[in-house]
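Here is the structure we will look at.
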Protein chains: 2
Amino acid sequence: MDAVKHPKREKHDGPLNERLATSGFRFTPQRQHVYDVLLGDRNHPTAEEVFIRAKKGMADISIATVYNCLDALVKCDLVKQVNLDRDATRYCPNMTEHSHFYCDECGDIHDIALPATTQANLNLPRGFRVKQYEISLRGLCRDCAAKQ
Amino acid sequence: MDAVKHPKREKHDGPLNERLATSGFRFTPQRQHVYDVLLGDRNHPTAEEVFIRAKKGMADISIATVYNCLDALVKCDLVKQVNLDRDATRYCPNMTEHSHFYCDECGDIHDIALPATTQANLNLPRGFRVKQYEISLRGLCRDCAAKQ
DNA sequence: GTTAGACTTAGAACTATTCTAAGTATTGAC
DNA sequence: GTCAATACTTAGAATAGTTCTAAGTCTAAC
């Protein structure tokens, strides 16, 4: 392998650094950059799309590192994975409780706020202990519905 | 390729035949068999698992045919696909409206009836038109919760 | 300054699924 | 009935998204 120099890590005391540290990860410029990419264009990109955008500001970053960074961000609760069927996993930096609406027409994904009552309304059978739940919706988004 | 004889299709006027016909599919012994496998063991098998079970009663069936049959069954609304993250797609012959509970401990998937009020409670932003929605839950099933 | 271990990288490997091409069965027209 | 058109099945190749591997690089702790 070529001896590619990695960018120097600068001292960084932002929220990312803290979050990484408390989960046992190190701060790296790649992780910062990938997180910045997600925060910049909040349209639920795939790893591939993150990779393409990340290369603009960091030409030598590899797809393996993008996966590694995304994984670290997910593990320290800064990013959520979003799956629709078996399509490529998408990444979402919105950590408020919300569901996803997939538009069948334009393919966009919209964050939808969840009403506070949702969990209570699920009325599970006795004995089941829910740790996490997810609601996903499909149909036509506002713009596409208006065009029809 | 070897000249493998396919089993003869017998006249069949059951519900499967009708459903297939109205969606433009032909009745075949393989489709009947795959559907029977799903109805027999209702524990949300993957295509691979359906394949393994299907071979017991039809030794020459191929995985490609299992995928083809499952696809046909999904398209004529006899079977639902169930996805958890990016794991292999699972197949569910329960066509009543329900959600899925994934047990983190034992890995089993349980069908959970949905309260009638669910959709109304989602309170979408104006203009969005929902065609389909899905609720999935994770945690501990009754048995695993009791053991802890 | 050393050293252990975390991180990055390119490319190989993996897995679930779809595609391809050849053979087989069924349907509909005659 | 025979024949052609077409749907279906099959094995194996191909694909896509992701994870693994091995080598090199960097950082933190001593």
Side-chain angles (χ1 to χ4, degrees), chain A residues 1-12 16-17 20-21 23-35 44-52 54-55 58-76 81-91, chain B residues 1-12 16-17 20-21 23-35 44-52 54-55 58-76 81-91:
Chain A
M1 188 182 298
D2 294 339
V4 173
K5 284 232 175 128
H6 298 157
K8 285 275 153 53
R9 302 180 196 171
E10 288 163 29
K11 277 278 170 257
H12 189 102
L16 174 58
N17 194 11
L20 287 167
S23 297
F25 292 105
R26 289 189 185 160
F27 174 86
T28 71
Q30 288 87 349
R31 287 175 180 162
Q32 177 73 66
H33 189 55
V34 164
Y35 190 42
H44 307 85
T46 61
E48 181 79 27
E49 288 162 357
V50 172
F51 178 48
I52 289 165
K55 277 196 290 194
M58 191 178 270
D60 290 332
I61 198 169
S62 72
I63 184 74
T65 298
V66 169
Y67 275 107
N68 170 339
C69 293
L70 290 170
D71 192 53
L73 294 169
V74 168
K75 286 197 176 121
C76 61
Q81 292 184 310
V82 180
N83 289 286
L84 172 61
D85 303 338
R86 274 186 49 86
D87 293 346
T89 298
R90 294 172 173 278
Y91 295 86
Chain B
M1 187 183 299
D2 295 339
V4 174
K5 284 230 174 131
H6 297 158
K8 284 274 151 53
R9 300 179 197 174
E10 291 162 29
K11 277 276 170 260
H12 189 102
L16 174 58
N17 194 10
L20 287 167
S23 297
F25 292 104
R26 290 186 185 163
F27 174 86
T28 71
Q30 287 87 349
R31 286 174 181 163
Q32 177 72 66
H33 189 55
V34 164
Y35 190 41
H44 307 86
T46 62
E48 180 80 26
E49 287 161 358
V50 171
F51 178 48
I52 290 166
K55 276 196 289 193
M58 191 178 270
D60 291 330
I61 197 170
S62 73
I63 184 74
T65 297
V66 169
Y67 274 107
N68 170 338
C69 294
L70 289 170
D71 191 54
L73 293 170
V74 167
K75 285 196 176 123
C76 62
Q81 292 185 309
V82 179
N83 289 286
L84 172 60
D85 303 337
R86 274 187 48 88
D87 293 345
T89 298
R90 294 172 174 279
Y91 296 86

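Letters go in sequence order (proteins before strands), and every chain restarts at 1.
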Exercise for the section: Round to the nearest Å and state the distance from I63(B) atom CD1 to dT17(C) atom P. Expected result: 8 Å
Handout entry: Nearest-0.5 Å distance that lies between atom OG1 in T46(A) and atom CG in D87(A)
Key = 10.0 Å
Handout entry: Any donor-acceptor pair under 3.5 Å from R86(B) side chain to R86(A) backbone
Key = yes
Handout entry: N or O in side chain of T89(A) less than 4.0 angstrom from dT18(D) OP1/OP2
Key = yes
Problem - Nearest-neighbour nucleotide for the A88(B) side chain, dT9(D), dA7(D), dA16(C) considered - result: dA16(C)
Exercise for the section: Tell me whether the OP1 or OP2 atom of dT10(D) has a side-chain N or O from T65(B) closer than 4.0 Å. Expected result: yes
Practice task
Locate the shortest heavy-atom distance separating I63(B) from F51(B); write the atom from each residue and the value.
Solution key: N-CE1, 3.4 Å
Practice task
Answer with base, sugar-phosphate or nothing: what part of the nucleic acid does I61(B) contact at a heavy-atom distance below 4.0 Å?
Solution key: sugar-phosphate
Practice task
To the nearest Å, give me how far apart CZ (R86(B)) and P (dT18(D)) are.
Solution key: 4 Å
Exercise for the section: To the nearest Å, give me how far apart CG (D71(B)) and C1' (dT17(C)) are. Expected result: 11 Å
Handout entry: Listed nucleotide nearest any side-chain atom of R31(B), set dT9(D), dT10(D), dT19(D)
Key = dT9(D)
Exercise for the section: Would you classify T46(B) as touching base, sugar-phosphate or nothing, given that sugar-phosphate means primed atoms plus P, OP1 and OP2, and contacts are heavy atoms under 4.0 Å? Expected result: nothing
Handout entry: Minimum-distance nucleotide (side-chain atoms of A64(A) versus dT9(D), dA16(C), dT9(C))
Key = dT9(C)
Handout entry: Any donor-acceptor pair under 3.5 Å from H33(A) side chain to A54(A) backbone
Key = yes
Practice task
Write down the distance between NZ (K75(A)) and P (dA6(C)), rounded to a whole number of angstrom.
Solution key: 13 Å
Handout entry: For atom OH of Y67(B) and atom P of dG12(D), their distance in whole Å
Key = 17 Å
Handout entry: Distance, rounded to the nearest Å, where Q32(A) contributes CD and dC7(C) contributes C1'
Key = 16 Å
Practice task
Compare the minimum distances between each of dT17(C), dG17(D), dT6(D) and the side chain of R26(B), then state the nucleotide with the smallest one.
Solution key: dT6(D)
Completion exercise
D87(B) CG to dT17(C) P, in whole Å, measures 10 Å
Problem - Short side-chain N/O contact to dT9(C) OP1/OP2 from S62(A), under 4.0 Å - result: yes
Practice task
Could you check whether N68(B) gets within reach of a base, just the sugar-phosphate, or nothing at all, counting any heavy atom under 4.0 Å?
Solution key: base
Exercise for the section: Could you tell me whether the side chain of R26(B) and the main chain of L20(B) form a donor-acceptor pair under 3.5 Å? Expected result: no
Exercise for the section: For F27(B) and dT27(C), give me the distance from atom CZ to atom P, rounded to whole Å. Expected result: 11 Å
